[in-house]
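Notes to accompany the following structure.
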Amino acid sequence: MPKEIFMPKLSSTMQVGTLLQWFKEEGDSVEVGEPLFEIMTDKINIEVESYEDGILLKRYFEEDDEVPINHVVGYIGEAGEEVPESPPGESGVSNKPDSPKSPESSEQQTETAPQEQPSEQPEKVRATPAARRVAREREVSLAEIEGSGPKGRVHQADVESFTTTASAAASSASSATPLAQKVAKAEGVELQDIAGSGPRGKIYRADVEKAKQPEAASQTVPAKRVKMAGMRKIVADRMLHSKTTAPHVTLNSEIDMVEVVAMRKRLLDPVEKQTGYRISYTEIIMKATAHALKRHPNINISLEGNEIVQHDAVHIGLAVALEDGLLVPVIKDADRKGLAELTADCKSAGQKAKSGKLKPDEMSEGTFTISNLGMYAVDTFNPVINQPESAILGIGRINEKPVGVDGQIVLRPMMGVSLSFDHRVIDGAPAAAFLTDLKAILENPLELLM
């Protein structure tokens, strides 16, 4: 009996998954644990593995298709078994085939498997001993190489040039979806000449078709249009939902960072020796924020349905900007960690986010978020709450400003901060008290040692 392949639910907020590519064609054999297809969900890419042995009998969706969770995307079974011709919908609703496969279709499917066998007659090829040695080392058939010597004699340089070109083509093919490879072959387009628009340069069918289009004769350059999909669409949907369901209020303040600047200078060498990373202002701000949240548990809350959840644990999300969106890895139990451990955790989380290696559980259970734009010429901004959390702290740049200190006007490193909160569950006075306490901690960071 054919077994369903369905779109898995990989997080509590996931409703749909975007199918990026299939790793198997219809008719291919599949073993348990082999990757079947790749999806994008919760702003990361996940390879979905097979839970069954057998033959991939049917694929209902192709690249860039959005599939609701638990909906059937294909079937695995024994050769010749009948499966529905159209998507049956949610897993378990229907498992009966619509129409049997004809013998002709089975023959066509069999014919799609590659049948070509490379000729193995190296002795009939004219080649130098050095060329034969390199061909053996690189496992290349001399019959496939066009020789540059007299009467087509293959030299060592010919073998090296052939393998270099083949390696580049294989590298390009490995970064392209199966459908993109098929279209490129049919259109005579070299994949290594195409810049992919997908994650980490992955080449999609649209990239191949775009490369095939002739240049416009007109000098007018049309506006570029990009479909809102994948990570960008997920971010857009969540930001819209947050802004339209939660009444945002933002409080702004300035913090004198002279003591934090001095503390960071003193900690640079010892923290780097212990962790291999240089401590940044982000880790010190995160530690101070966690300290303040423990004092103000009415800020460390979430709204789930009609219930206000007051969290004992302090799990702080750190917004990480990417080229096509942002991710928010969560630093668990930030209040219990020292500055060295926070530095290692934050740096590791940032690297995973930028390389697309974050797992769903590494972005879950956040109770508060920090968004740091201090590396840009930004003083303050109004960050959008990362629901179901109820507050988010925006960090601006540290900039020298003239301020009054003990009756004197002096230049001090001042940092702008912005606290956005959900006014349904947090009132202005508690939010202001939290921000005031955070300011006091950062202006006297020795409190973090108490």
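The model shown is predicted, which means the values in this text are computed figures rather than measured ones.
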Using residues 292-299 as the side-chain source, report each donor-acceptor pair under 3.5 Å to any protein atom, sequence neighbours left out, with the distance given to one decimal.
unit_1, atom_1, unit_2, atom_2, d
Lys294, NZ, Asp312, O, 3.1
Arg295, NH1, Asp437, OD1, 3.0
Arg295, NH1, Asp437, OD2, 3.3
Arg295, NH1, Glu447, OE1, 3.4
Arg295, NH2, Glu447, OE1, 2.6
His296, NE2, Asp437, OD2, 3.1

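Looking only at side-chain heavy atoms (C-beta outward), Val320 and Val328 stay at 4.5 Å or farther from each other. Looking at Glu365 and His311, their side chains never come closer than 4.5 Å, going by heavy atoms from C-beta outward. Proximity of Met286 to Ile370: side-chain heavy atoms (C-beta onward) are separated by under 4.5 Å at one or more points. Here the side chains of Glu389 and Thr369 are in contact, with some heavy-atom distance below 4.5 Å.
For the atom pair CD1 of Ile255 and CG of Leu442, the computed distance is 5.0 Å after rounding to the nearest 0.5 Å. With rounding to the nearest 0.5 Å, the separation of CD1 in Ile385 from OG in Ser420 is 6.0 Å. Within the model, atoms CD of Glu66 and CD1 of Ile39 stand 12.0 Å from one another, a figure rounded to the nearest 0.5 Å. We find the CD1-CG distance between Ile279 and Leu342 to be 8.5 Å, quoted to the nearest 0.5 Å.
Under a 4.0 Å N-O distance rule, the pair Asp361/Lys359 does not qualify as a salt bridge.
Listed for the Arg336 side chain is no donor-acceptor partner under 3.5 Å among the backbone atoms of Ala313. Checked by atom type and distance alone, the side chain of Ser371 never pairs as donor or acceptor with a backbone atom of Gly394 at under 3.5 Å. With hydrogens and angles ignored, the 3.5 Å screen pairs no side-chain donor or acceptor of Arg264 with any backbone N or O of Ile284. Between the side chain of His315 and the main chain of Asp333, a donor-acceptor pair closer than 3.5 Å is present.
Minimum interatomic distance between Met7 and Pro68 (heavy atoms only, all atoms of both residues): CB-O, 3.5 Å. Of all heavy-atom pairs spanning Leu57 and Ile76, the tightest one is CD1-C, 4.1 Å. Heavy atoms only, all atoms of each residue included: Ser29 and Glu34 are closest at O-OE1, 4.0 Å. Closest of all the heavy-atom pairs between Glu81 and Met1 is OE2-N, 2.9 Å.
With Tyr376 as the aromatic partner, Arg397 does not meet the cation-pi criteria of under 6.0 angstrom to the ring centre and within 45 degrees of the ring axis.
When the side-chain contact (heavy atoms from CB on, under 4.5 Å) test is applied to Pro87, the partners found at least two apart in sequence or on another chain are Tyr60, Phe61.
Residue pairs meeting the side-chain hydrogen bond (donor to acceptor under 3.5 Å, both in side chains) criterion with at least one member in residues 338-352, sequence neighbours excluded, are Glu283-Lys347, Lys337-Asp345, Lys352-Glu362.
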